[in-house]
Amino acid sequence: MNSPNKTLISALNIRQCSSKLATKQDKTPKRSPFRPAVSSTHDWIGPPNPLSNLRPIVYHIPENESDLQKRLRHLRQETENWNHDFWTKQNFSFTKEKEEFIISQLKANGLTPRDEEGRRRSLDSEVMAVFYKGFLDTNRVRHSSYNNEWYRRNFTITMLMARVALRNIWRTVAKRKDKNNSTSTT
């Protein structure tokens, strides 16, 4: 039988597109072998991951990717991996604690997890509300830290996106100016 830690580790390794399936020697995330066609000009978004419930993204790599664009793409990928890892662990913890709570409540009421017909018993919403509140209270600091880091990362990504957009606009304006100068001198 698997221990909860082994189950969590194997659960983390299931992610197909953007997970960190890294060994101690190799810290680069393993990705799905699928790649969009080279002619593709957009990011590709996959179906929701069953563990994190997040959609993995295969980021488009522009033909002449600048260092700034590369930095942006890497930060976006790193943030996606971080986000996936957090939600995989959080969902695993939530599911485990929820099952333990349901079983303890059923036992306290002298009931088994299944009824006479073999169906899983459930608790009413008022009893489950106690669990949900307790889970949120217990994990308040973790969620707050996650939110702060999420805002910090998104702010950095937004600033890098703005810099990339401004650089692209500047390059376009400079090309037009060069084109106009070359046609007016001939």
Side-chain angles (χ1 to χ4, degrees), residues 1-24 26-32 43-59 71-162:
M1 183 167 213
N2 288 341
S3 72
N5 289 342
K6 282 186 179 180
T7 305
L8 176 58
I9 290 169
S10 65
L12 289 171
N13 289 338
I14 291 174
R15 188 159 191 222
Q16 296 296 315
C17 289
S18 298
S19 70
K20 290 183 180 179
L21 302 175
T23 63
K24 289 183 181 179
D26 178 18
K27 292 295 182 189
T28 58
K30 302 270 191 263
R31 300 175 138 298
S32 167
D43 296 339
W44 283 49
I45 302 172
N49 179 276
L51 302 173
S52 66
N53 296 321
L54 300 176
R55 293 177 175 271
I57 302 170
V58 175
Y59 292 99
R71 185 173 154 207
L72 172 61
R73 181 173 51 84
H74 283 243
L75 180 58
R76 290 176 73 195
Q77 184 63 60
E78 180 184 308
T79 299
E80 179 190 340
N81 292 339
W82 168 80
N83 204 20
H84 167 75
D85 290 343
F86 174 85
W87 285 108
T88 297
K89 291 173 187 170
Q90 186 68 12
N91 292 343
F92 180 82
S93 173
F94 175 83
T95 301
K96 181 180 171 222
E97 290 178 33
K98 181 179 165 187
E99 285 301 313
E100 290 170 355
F101 178 82
I102 290 171
I103 289 170
S104 73
Q105 291 297 308
L106 290 172
K107 282 184 181 177
N109 291 323
L111 298 170
T112 60
R114 299 203 177 266
D115 65 15
E116 300 77 31
E117 296 175 14
R119 294 180 299 209
R120 284 180 53 111
R121 294 184 195 270
S122 60
L123 301 174
D124 65 35
S125 59
E126 290 179 13
V127 174
M128 289 308 297
V130 172
F131 165 75
Y132 297 135
K133 182 181 182 333
F135 185 83
L136 290 174
D137 289 346
T138 302
N139 292 286
R140 184 178 54 81
V141 172
R142 184 186 318 168
H143 292 160
S144 179
S145 296
Y146 167 82
N147 284 339
N148 289 337
E149 180 65 11
W150 177 246
Y151 294 137
R152 186 193 68 75
R153 286 173 181 262
N154 276 318
F155 180 78
T156 304
I157 287 169
T158 302
M159 290 295 110
L160 282 173
M161 290 175 104

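Source: prediction; values computed, not measured.
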Qualifying residues under side chain to side chain donor-acceptor pair (under 3.5 Å), relative to [X], sequence neighbours excluded:
{"X": "E100", "result": "none"}
{"X": "R76", "result": "D43"}
{"X": "N148", "result": "none"}
{"X": "N109", "result": "none"}

Would you compute the distance between atom [atom1] of [X] and atom [atom2] of [Y] and round it to the nearest 0.5 angstrom?
{"X": "I103", "Y": "T112", "atom1": "CD1", "atom2": "OG1", "value": "10.5 Å"}
{"X": "Y151", "Y": "T156", "atom1": "OH", "atom2": "OG1", "value": "14.5 Å"}
{"X": "F86", "Y": "N83", "atom1": "CZ", "atom2": "CG", "value": "8.5 Å"}
{"X": "R73", "Y": "I57", "atom1": "CZ", "atom2": "CD1", "value": "13.0 Å"}

Would you check if the side chain of [X] reaches a backbone N or O of [Y] as a donor-acceptor pair within less than 3.5 Å?
{"X": "S104", "Y": "F101", "result": "yes"}
{"X": "S93", "Y": "K89", "result": "no"}
{"X": "Q105", "Y": "V127", "result": "no"}

Where do [X] and [Y] come nearest, in terms of heavy atoms and distance?
{"X": "I157", "Y": "L72", "value": "O-CD1, 3.7 Å"}
{"X": "S52", "Y": "H84", "value": "OG-ND1, 2.9 Å"}
{"X": "P56", "Y": "P47", "value": "CD-O, 3.1 Å"}

Identify all side-chain donor-acceptor contacts of residues 138-145 below 3.5 Å with residues at least two apart in sequence or on another chain.
unit_1, atom_1, unit_2, atom_2, d
T138, OG1, G134, O, 2.8
N139, OD1, R142, NH2, 3.1
N139, ND2, F135, O, 2.8
R142, NH1, Q90, OE1, 2.8
H143, NE2, Q90, NE2, 2.7
S145, OG, V141, O, 3.1

Check: So do the side chains of W87 and N49 get within less than 4.5 Å of each other, counting heavy atoms only?
Finding: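 No. Closest side-chain heavy atoms not under 4.5 Å.
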Check: Heavy atoms, side chains only, cut-off 4.5 Å: are F92 and L51 in contact?
Finding: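 With C-beta onward as the side chain, the pair stays apart.
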Note to self: Enumerate the salt bridge (charged side-chain N to carboxylate O under 4.0 Å, His left out) contacts for residues 123-133, please, sequence neighbours excluded, ordered by first and then second residue.
What the structure shows: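 Passing the test, one end in residues 123-133: K133-D137.
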Checklist line | Listed partners of K98 passing side-chain contact (heavy atoms from CB on, under 4.5 Å), at least two apart | finding: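 K98: side-chain contact (heavy atoms from CB on, under 4.5 Å) contacts with F94, I102, M128, F131, Y132.
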Check: Is the number of heavy atoms from other residues, nucleotides or ligands under 6.0 Å of R114 CZ greater than 12?
Finding: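 Check passes, neighbour count above 12.
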Item checked: Non-neighbouring partners of R121 that pass salt bridge (Lys or Arg N to Asp or Glu O under 4.0 Å), sequence neighbours left out ->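 For R121, the residues satisfying salt bridge (Lys or Arg N to Asp or Glu O under 4.0 Å) (neighbours in sequence not counted) are E116.
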Next item on the list: Identify, with sequence neighbours excluded, every residue that meets salt bridge (Lys or Arg N to Asp or Glu O under 4.0 Å) alongside R152.
Entry: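 Once residues adjacent in sequence are excluded, the partners of R152 under the salt bridge (Lys or Arg N to Asp or Glu O under 4.0 Å) criterion are E149.
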Note to self: With side chain to side chain contact (heavy atoms under 4.5 Å, CB included) as the criterion, how do L123 and L106 come out once you've worked through the C-alpha distance, each side chain's angles and the decisive distance to 0.1 Å?
What the structure shows: CA-CA 8 Å; L123 301 174; L106 290 172; 3.8 Å; yes
